[in-house]
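Working notes for the structure below.
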Amino acid sequence: MDFAEIKSLVKALDSARAKGATTYNFSRADGTSESLSVDAMEGTLRKELFELCGTRSGFEAHKYELFALLASEIDTPMAREIGNVFGDICEVGTFAANEAPVFKYKKDPRHLRARRFAVLGSSAGSYEVFKLDGESSIQVKMSAITDACQIALNDFLTGRVDWNEMLEAFRQGMEDRIIDAVNGCMAAAEKNLPAANKASTSNFDPIAFEKILAVVSAYGTPVVSCTEAFARTITEGYQWASDAEKLARRNVGYAVNYKGAKIAIMPQTFKDADNSVKAVDDSKAYIFPMGAGPMIHIALQGDTQLRDVQNEDWSTEIQGFRRFGVAATIFNQMGTYEITSLK
């Protein structure tokens with residue numbers, strides 16, 4: 001196979017895994033087709049790449065084609081996966097390397113009586129807060145993810161990891177850095193909210209929680225964005241729970257609505273192999289009016305750049321570089337509620 005056929009095989013493998021298929025009809029560049037199992041496609045991909053890149057001379061001859069293939073497989077799902085973590089409060093934009101990362105945000109007449117501000121994340125984990133006057137767009141400051149995603153190519157070529165595991169090793173390091181930046185950005189934004197917009201209790205307190213809901217309700221129907229661990233704590237108590245809440249708790253484990261407020265779940269994941277460092281803070285819920293538009297703006301600029309590094313033991317590592325930026329546009333319609341026992 002040449003790299004054009006290998007690229008077609010990779011797309012077929014991705015499609016088969018996404019659909020949960022056990023077999024897939026793979027079309028070759030010469031117009032012929034073949035029905036292959038997912039395992040057979042994985043084995044064929046490994047065999048073909050090993051033939052092209054298994055030796056030092058072969059790797060040197062084909063590495064830029066390999067890097068282009070890997071970069072496209074890393075970049076395509078990254079925006080979707082990051083967006084899935086934060087749900088409706090987040091938007092992810094992809095920009096060309098020479099394109100200014102500018103986001104437009106929704107302006108609402110009800111915001112005229114509220115203080116408006118933005119938070120821009122920058123390098124070294126610092127966050128700049130400034131007022132928004134008549135603006136309706138914001139340009140995101142960019143920083144770089146470097147050395148965040150390193151794997152040994154030989155692990156794939158020799159069968160120790162499969163294709164998806166190799167790609168996940170790249171994406172995971174990058175996504176963790178972006179999630180950290182978002183969490184830092186939101187923490188900086190929370191400090192600038194009025195006292196009436198935030199509360200913190202050791203356990204779920206319906207009275208404290210409903211005070212925040214009342215503030216947000218002035219701007220629209222509240223949506224509570226939180227992890228499943230937080231959602232499981234939201235209740236008035238079993239003796240007052242409605243039949244609908246009891247049914248939801250039995251079927252999904254938490255109430256999907258609370259007194260008219262929709263519960264929107266942010267998927268949780270771990271940043272380490274020991275399941276000890278969570279990507280999203282379980283103790284915090286962000287509450288915002290429905291239809292307010294995204295508050296978090298994540299910019300991915302340019303393509304992932306890859307390079308190879310030869311280690312002392314002559315193994316070959318592939319390292320990735322990607323430019324990204326995070327900003328938050330906050331109006332006083334947002335609220336936060338913290339349950340400290342979930343930390």
Self-check item: Among Lys343, Arg232, Gln268, the one residue meeting side-chain hydrogen bond (donor to acceptor under 3.5 Å, both in side chains) with Asp282
Solution: Gln268
Quiz item: Do you know which two heavy atoms are closest between Thr94 and Ala79, and how far apart they sit?
Solution: CG2-CB, 4.3 Å
Quiz item: Charged N to carboxylate O below 4.0 Å: is that the case for Lys198 and Glu338?
Solution: no
Quiz item: To the nearest 0.5 Å, what is the distance between OG (Ser8) and CZ (Phe3)?
Solution: 12.5 Å
Self-check item: Close side-chain approach of Cys90 to Val92, heavy-atom, < 4.5 Å
Solution: yes
Quiz item: Stepwise, does the side-chain contact (heavy atoms from CB on, under 4.5 Å) test hold for Asn197 with Ile212?
Solution: CA-CA 6 Å; Asn197 290 50; Ile212 307 302; 5.7 Å; no
Exercise. Consider only side-chain heavy atoms of I, L, V, M, F, W and Y, link residues closer than 4.5 Å, and tell whether Tyr64 and Leu70 are in one cluster.
Key: yes
Quiz item: Would you say Ile263 and Val252 are hydrophobically clustered, going by side-chain heavy atoms of ILVMFWY under 4.5 Å?
Solution: yes
Quiz item: How long is the gap from CG on Leu66 to CD1 on Ile318, to the nearest 0.5 Å?
Solution: 5.0 Å
Self-check item: Check: Asp281/Ser283 side-chain N/O donor and acceptor closer than 3.5 Å
Solution: yes
List the atom pairs, with distances to 0.1 Å, where a side-chain N or O of residues 289-300 and a protein N or O form a donor-acceptor pair under 3.5 Å, not counting sequence neighbours.
from, atom 1, to, atom 2, distance (Å)
His297, ND1, Glu91, OE2, 2.7
His297, NE2, Thr329, OG1, 2.8

Quiz prompt | Atom pair NE2/CG of His62 and Leu52 - distance to nearest 0.5 Å | solution = 4.5 Å
Quiz item: Which atoms form the tightest heavy-atom contact between Val280 and Pro267, and what is the distance?
Solution: CG2-O, 3.9 Å
Quiz item: Sub-3.5 Å donor-acceptor pair from the side chain of Asp2 to the main-chain atoms of Glu5, do we have one?
Solution: yes
Exercise. Determine, stepwise, if the pair Glu60 / Asp308 fulfils side-chain contact (heavy atoms from CB on, under 4.5 Å).
Key: CA-CA 10 Å; Glu60 290 294 337; Asp308 59 302; 4.1 Å; yes
Self-check item: Within 6.0 angstrom of Phe50 CZ, more than 12 heavy atoms from elsewhere
Solution: no
Practice problem: Answer with yes or no whether the side chains of Tyr337 and Ser200 bring together a donor and an acceptor at under 3.5 Å. | Solution: no
Practice problem: Check whether any side-chain heavy atom of Gln139 lies under 4.5 Å from a side-chain heavy atom of Pro101, and answer yes or no. | Solution: yes
Exercise. Could you walk me through whether Phe324 and Gln301 pass the side-chain contact (heavy atoms from CB on, under 4.5 Å) test, one step at a time?
Key: CA-CA 6 Å; Phe324 82 101; Gln301 189 179 49; over 6 Å; no
Self-check item: Pairwise side-chain contact, Met186 with Lys284, heavy-atom cut-off 4.5 Å (strictly under)
Solution: no
Self-check item: Atom pair CG/CE of Asp75 and Met174 - distance to nearest 0.5 Å
Solution: 7.5 Å
Self-check item: Heavy-atom donor-acceptor pair, Glu99 side chain to Ala96 backbone, under 3.5 Å
Solution: yes
Quiz item: Can you find a heavy atom in the side chain of Asn332 that is under 4.5 Å from one in the side chain of Met334?
Solution: no
Quiz item: Would you find a donor on one side and an acceptor on the other, under 3.5 Å apart, between the side chain of Asp303 and the backbone of Ala97?
Solution: no
Quiz item: Do Lys262 and Thr221 pass the side-chain contact (heavy atoms from CB on, under 4.5 Å) test, and can you show the C-alpha distance, the side-chain angles, and the key distance before you say yes or no?
Solution: CA-CA 8 Å; Lys262 177 187 174 183; Thr221 302; over 6 Å; no
Quiz item: Are Ser225 and Phe288 close enough that some pair of their side-chain heavy atoms sits under 4.5 Å apart?
Solution: yes
Exercise. Decide yes or no for Val326 and Val140: does some side-chain heavy atom of the first lie under 4.5 Å from some side-chain heavy atom of the second?
Key: no
Practice problem: Using modelled atom types only, decide if a donor and an acceptor are shared between the side chain of Asp205 and the backbone of Ile207 within a distance under 3.5 Å. | Solution: yes
Quiz item: Is the count of non-hydrogen atoms from other residues, nucleotides or ligands lying under 6.0 Å from Lys63 atom NZ greater than 12?
Solution: yes
Self-check item: Close aromatic pair by centroid cut-off 6.0 Å: Phe230 and Tyr286
Solution: no
Self-check item: Spacing of Ile287 atom CD1 and Gln333 atom CD [to the nearest 0.5 Å]
Solution: 12.0 Å
Quiz item: Hey, does Thr233 have a side-chain heavy atom less than 4.5 Å from the side chain of Leu342?
Solution: yes
Quiz item: When hydrophobic residues are tied together by side-chain contacts of less than 4.5 Å, even through go-betweens, does Val215 share a cluster with Phe209?
Solution: no
Quiz item: How many angstroms lie between atom CD1 of Ile74 and atom CD of Glu175, to the nearest 0.5 angstrom?
Solution: 10.5 Å
Practice problem: Examine distances only and state if a side-chain atom of Thr201 and a backbone atom of Phe204 form a donor-acceptor pair shorter than 3.5 Å. | Solution: no
Exercise. For Ile265 and Tyr254, work out which heavy atoms get closest and say how close.
Key: CG1-OH, 3.2 Å
Exercise. Give a yes-or-no answer on whether the side chains of Thr336 and Glu190 include a donor-acceptor pair shorter than 3.5 Å.
Key: yes
Exercise. Would you name the heavy atoms of Ser202 and Ile339 that are closest together and state the gap between them?
Key: O-CG2, 3.5 Å
Quiz prompt | Contact check, side chains of Glu210 and Tyr258, non-hydrogen atoms, under 4.5 Å | solution = yes
